[in-house]
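FYI, side chains are in, hydrogens and waters are out, and symmetry mates aren't considered; it's all heavy atoms of this structure. Quick note on labels: first sequence line is chain A, next is B, and so on, each numbered from 1.
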2 protein chains.
Amino acid sequence: MENAFQRSLYSELDDLDYQIVSFLQDNARIPFTQIAKELGVTEKTVRLRVQQMQDDGMLSLVGVVNPIKAGIRVETIIFIAVSNTKLDDVVAELQEIPEVRLIVLTSGEYQLMTQVFTRNQEELSSFIMDKLNKIDGITRTNVIMELKVLKSKLKFIR
Amino acid sequence: MENAFQRSLYSELDDLDYQIVSFLQDNARIPFTQIAKELGVTEKTVRLRVQQMQDDGMLSLVGVVNPIKAGIRVETIIFIAVSNTKLDDVVAELQEIPEVRLIVLTSGEYQLMTQVFTRNQEELSSFIMDKLNKIDGITRTNVIMELKVLKSKLKFIR
DNA sequence: TCTGAAAATGTATTAAT
DNA sequence: ATTAATACATTTTCAGA
């Protein structure tokens, strides 16, 4: 019998993978048997595909905590310019700071973009004064407040 | 008998919630019975807490696809300045564009920060030329390439 | 806490490339 | 020859009361 789910030469995920993923994106704990029934394959097949995708690092099934609900009221983007010879050191220091959720090396006038979560303004100001400003090698920063998230498409669509 | 898991006055999540969450952050499909055994509570308690946290919007159990593995090779941050009267319209248009993963209203010289995912440079340039530049009301943009993610702490830690 | 129903797991087998 | 899908038996988990 013909297999309706052809694995593409060019994509790492085939039709079946995508369909399985689309269920799991909504609910990571949906029973494999239910996915299997909806897609007309066996539960074992679904389980195998999910396992493979996880092993390949394509798919993660994770619990995510809403930072707002967990008391994070202030989210900021801080761009950081660094003297070139100190970049590694600065990154190493930033990596140790819990308020720093994200560090990205970027093009443009600042080498680093960071996202910083704090419970309130006071925590932000003490982060900047007591931690950020004490790191050697930082030449300039640009603090941008996140006022409101207007769109967030976490789900991957082909 | 005293309850070892005190619900804090200041946090919406108590100790038990955090411990449950820390298991689910690693593996959203871990059996509740296993969490229960590790924490010395009943499976029912774990199930109830997870249900409550999900109902309250604190916790989501989701499948996440690694964009790199799914063919996304170019990630950019695009800051967008908009004439004030057109902000809503611009946001509405951006919301319809699939390459735009994230839109945040920000302080600073640009009102909007967006994150844009494309498969390659060509897709990025056609996004900018054919979509972004055709939106009425945008006065200035600043395109920043994400070169490398150096830290990404998705997990919430108290 | 208990219990039937549902789901997940493990093994062996078959099919496809 | 290797990889994936299926069938089925067993164990575990789930979701009520």
Residue-phosphate contact under 4.0 Å: [X] side-chain N/O, [N] OP1/OP2:
| X | N | value |
| --- | --- | --- |
| A:Gln52 | D:dA4 | yes |
| A:Thr45 | D:dT6 | yes |
| A:Arg29 | C:dA7 | no |
| A:Thr33 | C:dA6 | no |

For the pair made of [atom1] in [X] and [atom2] in [N], what is the distance, rounded to whole Å?
| X | N | atom1 | atom2 | value |
| --- | --- | --- | --- | --- |
| B:Leu48 | C:dT1 | CG | C1' | 16 Å |
| A:Asp55 | D:dT3 | CG | P | 14 Å |
| B:Ile30 | D:dC14 | CD1 | P | 10 Å |
| B:Phe32 | C:dA7 | CZ | P | 14 Å |
| A:Asp17 | D:dA4 | CG | P | 10 Å |
| A:Glu43 | D:dA4 | CD | P | 17 Å |
| A:Gln51 | C:dG10 | CD | C1' | 13 Å |
| A:Gln34 | C:dA7 | CD | P | 7 Å |

Nearest to the side chain of B:Thr42, which nucleotide is it out of C:dT1, C:dA8, D:dA5?
->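 In terms of side-chain proximity for B:Thr42, the closest of C:dT1, C:dA8, D:dA5 is C:dT1.
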Between B:Pro31 and B:Arg47, name the one whose nearest nucleotide on DNA chain C is closer to the 5' end.
->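 Its nearest nucleotide lies further toward 5', so the answer is B:Arg47.
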Report each atom pair, protein N/O against N/O of nucleotides 12-14 of chain C, whose distance is under 3.5 angstrom.
none

Between the side-chain atoms of A:Arg49 and the base atoms of D:dA4, is any donor-acceptor pair under 3.5 Å?
->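 No, the side chain and the base share no sub-3.5 Å donor-acceptor pair.
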Give me the one residue out of [options] that meets side-chain contact (heavy atoms from CB on, under 4.5 Å) with [X].
| X | options | answer |
| --- | --- | --- |
| B:Leu112 | B:Leu87, B:Val104, B:Thr106 | B:Leu87 |
| A:Leu132 | A:Leu94, A:Ile97, A:Val116 | A:Leu94 |
| B:Ser126 | B:Ile128, B:Asp130, B:Leu124 | B:Asp130 |

Residues that A:Glu43 engages under salt bridge (Lys or Arg N to Asp or Glu O under 4.0 Å), provided they are two or more places apart =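 Only A:Arg47 meet the salt bridge (Lys or Arg N to Asp or Glu O under 4.0 Å) criterion with A:Glu43.
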Which distance, rounded to the nearest 0.5 Å, do you find between the CD of A:Gln25 and the CD1 of A:Ile20?
->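 Reported value, rounded in 0.5 Å steps: 12.5 Å.
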Are B:Arg49 and B:Phe32 in a cation-pi setup, meaning NZ or CZ lies under 6.0 angstrom from the ring centre and within 45 degrees of the ring axis?
->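 No, B:Arg49 does not sit over the ring of B:Phe32.
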Cut-off 3.5 Å, side chains only: do A:Glu146 and A:Gln115 have a donor facing an acceptor?
->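 A donor-acceptor contact under 3.5 Å links the two side chains.
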